[in-house]
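Everything on this sheet refers to the single structure shown next.
Scope of the values below: all heavy atoms of this structure, side chains included, with no hydrogens, waters or symmetry mates.
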Amino acid sequence: MSIDTVDNIIVQWFNSSFNTGADPWIGNLVLCFLCILMTIILSGLIGFEREYNGHAAGLRTHILVSLGSCIIMIISIYGFNVMPGNEAFANRDPARLAAQVIAGIGFLGAGTIIQTGISVKGLTTATTLWLSMAVGLACGSGNLVIATLATIIALSILTMLRKFERFAARKNPIITLVVNAGTPFIKELISIGSRFGVNIRDVDSQIVQIDGQEALRVNIRCSKVSKASMTAFVDELRQAIKPLELHISTGLI
């Protein structure tokens with residue numbers, strides 16, 4: 001039995017089991033309520049993971065995005081029924097409203113992405129918002145089993161793969177230096193990096209004010225660096241350039 005068949009059985013059961021007597025709409029109403037309830041539960045699990053890890057778009061945002069998508073999908077399927085004598089919606093396409101939701105979620109996801117220098121944050125949260133939208137559409141269309149499986153897989157990726165992500169990020173650190181505005185550092189940086197086998201992928205700088213004086217904040221993205229090489233590289237930078245500030249981050253999103 002396929003997943004699609006299981007979802008079809010669920011939908012057909014609700015649409016037929018309660019449709020007796022003078023109230024044929026009760027089964028459809030119960031099915032819509034179940035779809036909305038499943039949407040809240042599944043998107044809430046994804047949103048809780050984001051909220052627990054301190055990201056801007058958390059529990060409420062994910063639930064509302066998914067709930068809105070679910071309602072649009074339900075309206076798209078059941079909101080334009082063809083009434084007797086009125087064939088205005090005879091050729092309607094329930095996927096048209098869903099397509100607009102998919103296009104529109106990009107604007108909301110883009111609002112969660114922040115670029116600071118060469119570091120980009122919020123990509124994973126933008127992706128989970130997009131996923132919550134997909135879960136809402138799936139639940140609204142009656143594909144409850146598919147939505148549940150997708151949520152379980154997504155939560156597994158977000159939680160179980162975090163350790164692997166941190167391990168990979170430690171090999172690609174970002175060094176942030178703050179130096180006096182007139183300090184020449186590029187030549188020294190490249191020379192020291194080649195001496196210790198540090199692969200410098202990108203350098204980004206911006207002018208900042210520190211204690212009323214102009215300074216230069218420099219972000220250096222490295223790749224495939226061992227801990228010993230990075231320690232030696234940073235120590236040499238401190239001695240050669242004498243930065244006002246220096247710290248290392250992994251740039252995890």
If I take atom CZ from residue Arg217 and atom CG from residue Asn219, how far apart are they, to the nearest 0.5 angstrom?
7.5 Å
Reference residue His247; test side chain to side chain contact (heavy atoms under 4.5 Å, CB included); the match among Val178, Ile175, Thr176, Ile174:
Thr176
Is Leu45 reachable from Leu37 through a run of hydrophobic residues whose side-chain heavy atoms are each under 4.5 Å from the next?
no
Out of curiosity, Asn180 CG to Glu214 CD, how far, rounded to the nearest 0.5 Å?
11.0 Å
Distance from Leu97 atom CG to Ile102 atom CD1, nearest 0.5 Å?
11.5 Å
Starting at OG of Ser132, measure out to CG of Leu67 and round the result to the nearest 0.5 Å.
11.5 Å
Cluster check Ile152, Ile157: I/L/V/M/F/W/Y, side chain < 4.5 angstrom:
no
Test: salt bridge (Lys or Arg N to Asp or Glu O under 4.0 Å). Region: residues 33-49. Which pairs qualify, not counting sequence neighbours?
Glu49-Arg162
Does Arg195 come within less than 4.0 Å of Glu236, counting only side-chain N to carboxylate O?
yes
Are Leu31 and Ile71 co-members of a hydrophobic cluster defined by side-chain heavy atoms under 4.5 Å apart?
yes
Distance col, row Ser191:OG vs Phe196:CZ, nearest 0.5 angstrom, shows 9.5 Å
Say whether, by atom type as modelled, one donor and one acceptor occur between the side chain of Ser76 and the main chain of Ile72 under 3.5 angstrom.
no
Gap separating the OG atom of Ser66 from the CD1 atom of Ile105, nearest 0.5 angstrom:
9.5 Å
Closer than 3.5 angstrom, by distance alone: can the side chain of Thr159 be matched with the main-chain N or O of Leu155 as a donor-acceptor pair?
yes
Would you mind reporting whether Arg238 and Leu246 have side-chain heavy atoms less than 4.5 Å apart?
yes
Following the transitive rule for hydrophobic clusters with a side-chain heavy-atom cut-off under 4.5 Å over Ile, Leu, Val, Met, Phe, Trp and Tyr, establish whether Phe33 and Met73 coincide in one cluster.
no
Would you sort out whether Arg50 and Thr128 count as a side-chain hydrogen bond (donor to acceptor under 3.5 Å, both in side chains), showing the intermediate values?
CA-CA 8 Å; Arg50 294 284 88 191; Thr128 56; 4.5 Å; no
same_hphob_cluster(Leu137, Leu34) at 4.5 Å side-chain heavy-atom cutoff
yes
